[in-house]
J.: 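Following this message is one structure expressed as structure tokens.
Chain naming here is simple, since letters A, B, ... match the order of the sequence lines and numbering starts at 1 in each. Atom set for the values below is all heavy atoms of this structure, side chains included, hydrogens, waters and symmetry mates excluded.
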Number of protein chains: 2
Amino acid sequence: MRSLYDGVMTQPFDTVPVARGQGVALWRQIADELKSDILSGALGTEEGRLPTEKDLAARFGVNRHTVRRAIAELTAEGILRADQGRGTFVSERLITYPISSRTRFSEIIAAQAREPFGKLLASSEEPATAAQADLLGVEAGTPLIRIETLSVADEVPLIRATSWFPKALCPGLVADYAQTGSTTKSLARAGVTDYRRKETRILADLARVEDAQLLNIAIGQPLLITEALNVDPSGKPTHFTRTRIAAERVQLIVESL
Amino acid sequence: MRSLYDGVMTQPFDTVPVARGQGVALWRQIADELKSDILSGALGTEEGRLPTEKDLAARFGVNRHTVRRAIAELTAEGILRADQGRGTFVSERLITYPISSRTRFSEIIAAQAREPFGKLLASSEEPATAAQADLLGVEAGTPLIRIETLSVADEVPLIRATSWFPKALCPGLVADYAQTGSTTKSLARAGVTDYRRKETRILADLARVEDAQLLNIAIGQPLLITEALNVDPSGKPTHFTRTRIAAERVQLIVESL
DNA sequence: AGAATTTGTCTATTTGTATAGATGAATTTG
DNA sequence: CAAATTCATCTATACAAATAGACAAATTCT
């Protein structure tokens, strides 16, 4: 569930169904379920101890080996630790840490379009497609600058971002960004002293291979996507930003939506 | 990508990597990728025609049969239609429909906690856990009322919602809700004439069996989750609502986050 | 200390996933 | 009309996923 009212409002089920032959392995479904329950604090048992493999197999209606494979996955991710003869436990680090670490990133998102945002991975120049041109208020074929960035906190990658700018607006953007590490400062050098978000769209998607590599998560894990068009005070578009956020590590907090 | 600046800012890749042995079948990964591209309008070819099976197989680096299985899945979902000898096409209905249908649901979310919200699936009474009690400002063990609702538009399910209320606040809630179909009216009958959201948390998760059944999507598909605590004018909690939203059909729009 | 519990390892079997190649059927192209 | 293209169907093979059962190793309970 990955709730941040963590553990609140989630009751454990006696039996949890899994679906066969849907292209998602049972062990993966079980690993995802356990991970959600662990991260949301709805563990069913006290003090970070999981039910026994036998009980979990019964709960999910699968063989014990299938549960073991799921546990192996979460152990590899550092979420669980199994002790022969004792039981399987949530990694100590997670019992206190993740809640706080997952709580306070609303500002990162709120500031996403305005402030320095992680390290520059790549940049390129591309002619605007019809749809891009329409959105940014330029002619189709107009050169655009695209930058790819990655935000990392405590060695843990959180957010991929891609932004597009009309090149005419800020021809030196890549060099400026490399120097300042800031969108705001780079745009200011180009004479754009202020801008704001028109609106933000929030969607969800699944991690693909590229997301998985950059964000260090498994493929098929959920991502939060934000998309925002930024405009200057006169309403003229300055740039468009799309983020792909590891949902297991970040949540968005909206005050009084 | 499921963008609603649809088709904007997405360029097709010549080759798309897929991951083996990760618990997600290749045909499922390919189906998800194609679905995202179709819904976001980034199809790579004109007029709703997909690349040939041979080309897709080359693009994803898999056997043609694997691509066919992915296409079979999307055909079953009504997204694609294959014509022998001609090619594979995006279902006509989708070429114009989905964008509009996916665009205008910001209000639904904004109004989610306030207005009638789909049909009542179930209700129950449960003693508050420690975490629930803390959040709702009652004693642990206090009876809570839980209601489960499902919102549907044009026969298509969009949002599952679960809400918890302190029973003492509104003892007749279930009957009132069944009669009025409205949280606001039901609470008004209990003397709670006004309330507001303190904040909304937005996360993402994967669809499980129960989500898949209720929302009519495949397991493992992305969900948007919103969680909100509602309080009366004095700041006292009235209820807590959690929604699970089919991300392939709904996106959230936040004005000036 | 002995019994019960729990995780770890091993072998064997069945089903699902993915590849490979060949051939047929419908459509489009020249 | 013939050739090329594209989706449909079939057989065969290899590997991953899931089940089944047995037994070992470490810990806890009595």
Side-chain angles (χ1 to χ4, degrees), chain A residues 16-34 43-76 79-91 209 218-220, chain B residues 16-34 43-76 79-91 209 218-220:
Chain A
V16 178
V18 285
R20 292 155 196 269
Q22 306 295 299
V24 184
L26 299 185
W27 67 264
R28 168 61 61 192
Q29 294 180 53
I30 292 166
D32 289 342
E33 171 83 33
L34 290 176
L43 244 173
T45 46
E46 75 299 337
E47 289 166 353
R49 191 186 179 211
L50 252 63
T52 67
E53 294 174 351
K54 187 163 163 283
D55 287 351
L56 286 173
R59 169 178 307 188
F60 289 108
V62 301
N63 191 276
R64 186 179 146 229
H65 291 86
T66 308
V67 167
R68 280 181 61 75
R69 175 117 193 224
I71 290 174
E73 173 72 15
L74 297 181
T75 302
I79 292 174
L80 292 180
R81 202 172 46 80
D83 282 7
Q84 189 171 81
R86 296 188 60 221
T88 304
F89 301 83
V90 175
S91 181
V209 171
I219 63 151
Chain B
V16 178
V18 285
R20 293 156 195 266
Q22 308 293 299
V24 183
L26 299 185
W27 66 264
R28 167 61 62 193
Q29 295 180 53
I30 292 167
D32 289 342
E33 171 83 33
L34 290 176
L43 245 174
T45 47
E46 75 299 336
E47 288 164 357
R49 189 182 181 215
L50 252 64
T52 68
E53 295 175 349
K54 186 163 162 287
D55 287 350
L56 286 173
R59 169 177 308 189
F60 289 107
V62 301
N63 191 276
R64 188 180 142 229
H65 292 85
T66 307
V67 167
R68 280 182 62 75
R69 176 120 193 220
I71 290 174
E73 172 72 14
L74 297 181
T75 302
I79 293 174
L80 292 181
R81 202 173 47 78
D83 283 7
Q84 190 172 137
R86 295 188 62 221
T88 304
F89 301 84
V90 175
S91 181
V209 171
I219 63 151

J.: Picking from dC7(D), dA18(D), dT7(C), which would you name as closest to the side chain of Thr66(A)?
T.: dA18(D)

J.: When you match Ala25(A) and Arg86(A) each to their closest nucleotide on DNA chain D, which lands nearer the 5' end?
T.: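 With Ala25(A) and Arg86(A) compared, the 5'-side residue is Ala25(A).
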
J.: In Å and rounded to the nearest 0.5 Å, what is the CD1 to CG distance from Ile71(B) to Leu50(B)?
T.: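 It is 6.0 Å, given to the nearest 0.5 Å.
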
J.: Please name the nucleotide paired to dG30(C) by Watson-Crick or G-U wobble geometry with both distances under 3.5 Å, or report none.
T.: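 Across all strands, the one nucleotide that pairs with dG30(C) is dC1(D).
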
J.: For Asp55(A) and Asp83(B), find the nucleotide of DNA chain C closest to each by heavy atoms; which residue's nucleotide sits nearer the 5' end?
T.: Asp55(A)

J.: Can you tell me how far C1' of dC15(D) sits from CZ of Arg20(B), to the nearest Å?
T.: 11 Å

J.: Using whole Å, what does the distance between atom C1' of nucleotide dT5(C) and atom NZ of Lys54(A) come to?
T.: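 One finds 9 Å between C1' of dT5(C) and NZ of Lys54(A), rounded.
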
J.: Please walk me through it: do Thr88(B) and Asp83(B) pass side chain to side chain contact (heavy atoms under 4.5 Å, CB included)?
T.: CA-CA 6 Å; Thr88(B) 304; Asp83(B) 283 7; over 6 Å; no

J.: Quick one: CD on Gln29(A) to CZ on Arg20(A), what's the gap to the nearest 0.5 Å?
T.: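 CZ of Arg20(A) is found 9.0 Å from CD of Gln29(A).
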
J.: Which part of the nucleic acid, if any, lies within contact of Arg68(A), taking any heavy atom under 4.0 Å across all strands shown: a base, the sugar-phosphate backbone alone, or nothing?
T.: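 Result for Arg68(A) = base.
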
J.: Rounding to a whole Å, what distance do you find between Asn63(A):CG and dA12(C):C1'?
T.: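 My rounded result for the distance is 13 Å.
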
J.: Below the 4.0 Å mark, does dC7(D) have OP1 or OP2 next to a side-chain nitrogen or oxygen of Thr88(B)?
T.: yes

J.: Over how many whole Å does the gap from Phe60(B) atom CZ to dA18(C) atom C1' extend?
T.: 16 Å

J.: List the atom of Gly21(A), the atom of Arg69(B), and the distance in Å for their closest heavy-atom pair.
T.: O-NH2, 4.3 Å

J.: Just to confirm, is there a sub-4.0 Å distance from OP1 or OP2 of dA18(D) to any side-chain nitrogen or oxygen of Arg28(A)?
T.: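 So the side chain of Arg28(A) is outside the cut-off, no N or O lying under 4.0 Å from OP1 or OP2 of dA18(D).
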
J.: Per the atom types in the model, does the base of dG8(C) pair as donor or acceptor with the side chain of His65(A) at under 3.5 Å?
T.: no

J.: Would you kindly compare Arg64(B) and Gln84(A) by the position of their nearest DNA chain C nucleotide and give the one closer to the 5′ end?
T.: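 Closer to the 5' end of DNA chain C: Gln84(A).
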
J.: Starting from C1' on dT7(C), measure out to CZ on Arg81(A) and report it in whole angstrom.
T.: 13 Å

J.: Between Ile30(B) (CD1) and dT19(C) (P), how many Å, whole number?
T.: 8 Å

J.: How many whole angstroms separate atom CZ of Phe89(B) from atom C1' of dC7(D)?
T.: 11 Å

J.: What is the distance from CZ of Arg69(B) to P of dC7(D), rounded to the nearest Å?
T.: 19 Å

